[in-house]
Amino acid sequence: MARPTRLLALALAAPLLISACSTENSGGGDESGDGGGAATASGDLDFAVVTHGSAGDAFWDVVQNGAEAAGEDLGVGVDYQSDGDPQRQSQLIQAAVNQDVDGIVVSMANPDALEDSIGAAVAAGIPVVTINSGGDRSAEFGAIGHVGQDETVAGFGAGQRLAADGAQNVICVVHEAGNIGLEQRCAGASEGLGADVRLLQVDVNDLQAAQSTITSQLQSDPSIDAVLTLNSAVASVAASAADDAGSDAEIATFDLNGDVISAIQDGTIAFAVDQQQYEQGYLPIVMLQLYAENLNTVGGGQPVLTGPAIVDAENVDEIADLASAGTR
């Protein structure tokens, strides 16, 4: 299948991105790479989305919802797959390359493990949009854009909020070993807090053990006055751990799910940093369609930011219904 030659295009303003979603392309069949015309009609486009989400992770369920909704809205094919193991994720990307899809969306929690498979996609002329993690290496790998939040900036905001709440001794709970984005969040939190946060490693795939680990940490050091988790499921067990330990430590988290919403409403969790992951699923499909049909790129070499935003007692009720619908 012929694909257009990769071009450096002017960044589109956000309103144009949204309006482009509803604009029908009038181009006909395939054009040669040198022609610069429409590559293919929308109905003939098939995109693969390959993330590092673990099975049953509510965060990635919302990303999947966004990608599939974009596929329905735009009339393009979207195949979502995920695997928390970097090597298996790489294999899924390579499988999409072998299937000659029209574009690939990929999260890069472990960029080094994915470099070869993403390189194979780019070498095959398949446009790649990265999401969520690895934004600082997206252009290096040849992706046409990145959608997500800046993890260091988001962590800084969380640290500032904790400092404003009076926290001084904070643990930052890392739930995926080797995930560069999580490390950046904790580093940003240290900067925003004005003091080093201590990293505590747990496994998101064993929440019972994670709760025990956090409980033990709080019991062994009663001076801990805040726990910052980086995942909504871990936030819920951190709240239970604080209760088990008899600790008054403030619980804060990244990302939302129904349990976190309820916990913010009842005061068990102080706040959540929302990166609007529905957009991380939806917007890359729009970007790939625009590139395939009109050689548009978005962001001008900079990431398209979907966050951060703080959800707390002041605005949680407005967010609750959207979270229940699977879009926040």
Side-chain angles (χ1 to χ4, degrees), residues 57-59 62 132 149-176 179 181-202 204 207 210-211 213-215 217-219 221-277 306-320 323 328:
D57 189 321
F59 176 93
V62 177
N132 185 258
Q149 70 179 6
D150 184 295
E151 303 291 13
T152 302
V153 171
F156 183 86
Q160 281 191 315
R161 173 60 182 263
L162 289 169
D165 290 347
Q168 296 179 322
N169 186 4
V170 179
I171 58 173
C172 188
V173 184
V174 178
H175 59 272
E176 290 174 353
N179 185 328
L182 303 184
E183 296 170 4
Q184 290 169 342
R185 290 178 183 180
C186 293
S190 292
E191 186 177 354
L193 182 68
D196 288 340
V197 304
R198 287 183 288 157
L199 273 59
L200 181 65
Q201 184 71 55
V202 301
V204 70
L207 292 175
Q211 181 173 330
T213 300
I214 298 169
T215 299
Q217 189 74 17
L218 292 172
Q219 289 174 332
D221 186 357
S223 72
I224 296 171
D225 52 17
V227 178
L228 177 62
T229 68
L230 310 178
N231 171 276
S232 53
V234 179
S236 296
V237 301
S240 297
D243 187 56
D244 292 343
S247 171
D248 293 327
E250 176 178 331
I251 309 298
T253 190
F254 280 72
D255 305 330
L256 294 174
N257 65 9
D259 290 339
V260 170
I261 292 287
S262 297
I264 294 174
Q265 289 175 319
D266 67 24
T268 306
I269 293 176
F271 67 89
V273 180
D274 181 21
Q275 60 176 299
Q276 302 183 110
Q277 68 269 30
T306 64
I310 297 293
V311 177
D312 58 15
E314 296 296 321
N315 61 358
V316 66
D317 291 336
E318 298 174 343
I319 301 296
R328 289 296 294 268

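All residue numbers in this chain count up from 1 along the given sequence. Side chains included, hydrogens not; waters and symmetry mates left out as well; all remaining heavy atoms used.
Between the side chains of Glu151 and Gln149, at least one donor-acceptor pair of N or O atoms lies under 3.5 Å. Side-chain atoms of Asp221 and Ser223 form a donor-acceptor pair, as typed in the model, at a separation below 3.5 Å.
Atoms CD1 and CD1, on Ile171 and Ile224 in that order, are 4.5 Å from each other to the nearest 0.5 Å. Here Asn179 contributes atom CG and Gln184 contributes atom CD; the two are 8.5 Å apart, rounded to the nearest 0.5 Å. Distance check, rounded to the nearest 0.5 Å: CG of Asp243 to OG1 of Thr268 gives 8.5 Å. Atoms CG and CD, from Asn132 and Gln275 in turn, are 5.0 Å apart once rounded to the nearest 0.5 Å. Here Ile264 contributes atom CD1 and Leu256 contributes atom CG; the two are 6.0 Å apart, rounded to the nearest 0.5 Å.
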TODO: Quick one: do Leu228 and Arg185 satisfy side chain to side chain contact (heavy atoms under 4.5 Å, CB included)? Show the steps, please.
DONE: CA-CA 10 Å; Leu228 177 62; Arg185 290 178 183 180; over 6 Å; no
Open item on the list: I'd like to know whether Ile319 forms a side chain to side chain contact (heavy atoms under 4.5 Å, CB included) with Ile261, so could you lay out the CA-CA distance, the side-chain angles of the two residues, the decisive distance to 0.1 Å, and finally the verdict.
Closed with: CA-CA 8 Å; Ile319 301 296; Ile261 292 287; 4.0 Å; yes
TODO: Check step by step if side chain to side chain contact (heavy atoms under 4.5 Å, CB included) holds for Val234 and Thr253.
DONE: CA-CA 8 Å; Val234 179; Thr253 190; over 6 Å; no
- [ ] Would you please test Thr306 and Gln277 for side chain to side chain contact (heavy atoms under 4.5 Å, CB included) and show each step?
- [x] CA-CA 7 Å; Thr306 64; Gln277 68 269 30; over 6 Å; no
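Closest approach of Phe271 to Ala158, counting heavy atoms only: CZ-O, 3.9 Å. For the pair Ile251 and Ala235, the tightest heavy-atom approach, listed with the atom from each and the gap, is CG2-O, 4.1 Å. Closest non-hydrogen pair, Ala154 versus Phe254, comes out as CB-CE2, 3.7 Å. When all heavy atoms of Leu218 and Ala249 are compared, the pair lying nearest together is CD2-CB, 4.3 Å. Residues Cys186 and Leu199 share a closest heavy-atom pair of CB-CD1, 3.8 Å. Closest of all the heavy-atom pairs between Asn257 and Val260 is OD1-N, 2.8 Å.
At least one donor-acceptor pair closer than 3.5 Å links the side chain of Asp225 to the backbone N or O of Asn169. The backbone N or O of Val174 lies less than 3.5 Å from a partner atom in the side chain of Gln201, making a donor-acceptor pair. Here the side chain of Asp165 pairs no donor or acceptor atom with the backbone of Ala167 at under 3.5 angstrom. Using a distance-only test at 3.5 Å, with no hydrogens or angles considered, no donor-acceptor pair links the side chain of Asp255 to the main chain of Ser232. Side chain of Asn231 to main chain of Val173: no donor-acceptor pair is present (N/O by atom type, distance under 3.5 Å, no hydrogens or angles).
Within the 4.5 Å cutoff, the side chain of Glu176 has heavy atoms near those of the Leu182 side chain. By the 4.5 Å heavy-atom criterion applied to side chains, Arg328 and Val62 are not counted as neighbours. At a threshold of 4.5 Å between non-hydrogen side-chain atoms, the residues Thr215 and Gln211 count as touching. Between Gln217 and Val227 the shortest side-chain heavy-atom distance does not fall below 4.5 Å. Between Val204 and Phe59, the closest side-chain pair of non-hydrogen atoms is not below 4.5 Å. Between Ser236 and Leu207, every side-chain heavy-atom pair lies at or beyond the 4.5 Å cut-off. Contact of the Val197 side chain with the Ser190 side chain is registered, since non-hydrogen atoms from C-beta on lie closer than 4.5 Å. Between Arg161 and Asp312 the shortest side-chain heavy-atom distance falls below 4.5 Å.
Counted within 6.0 Å of CD on Gln265, heavy atoms from surrounding residues, nucleotides or ligands total more than 12; the atom is thus considered enclosed. Atom CG of Asp248 has 12 or fewer neighbouring heavy atoms from other residues, nucleotides or ligands inside a 6.0 Å radius.
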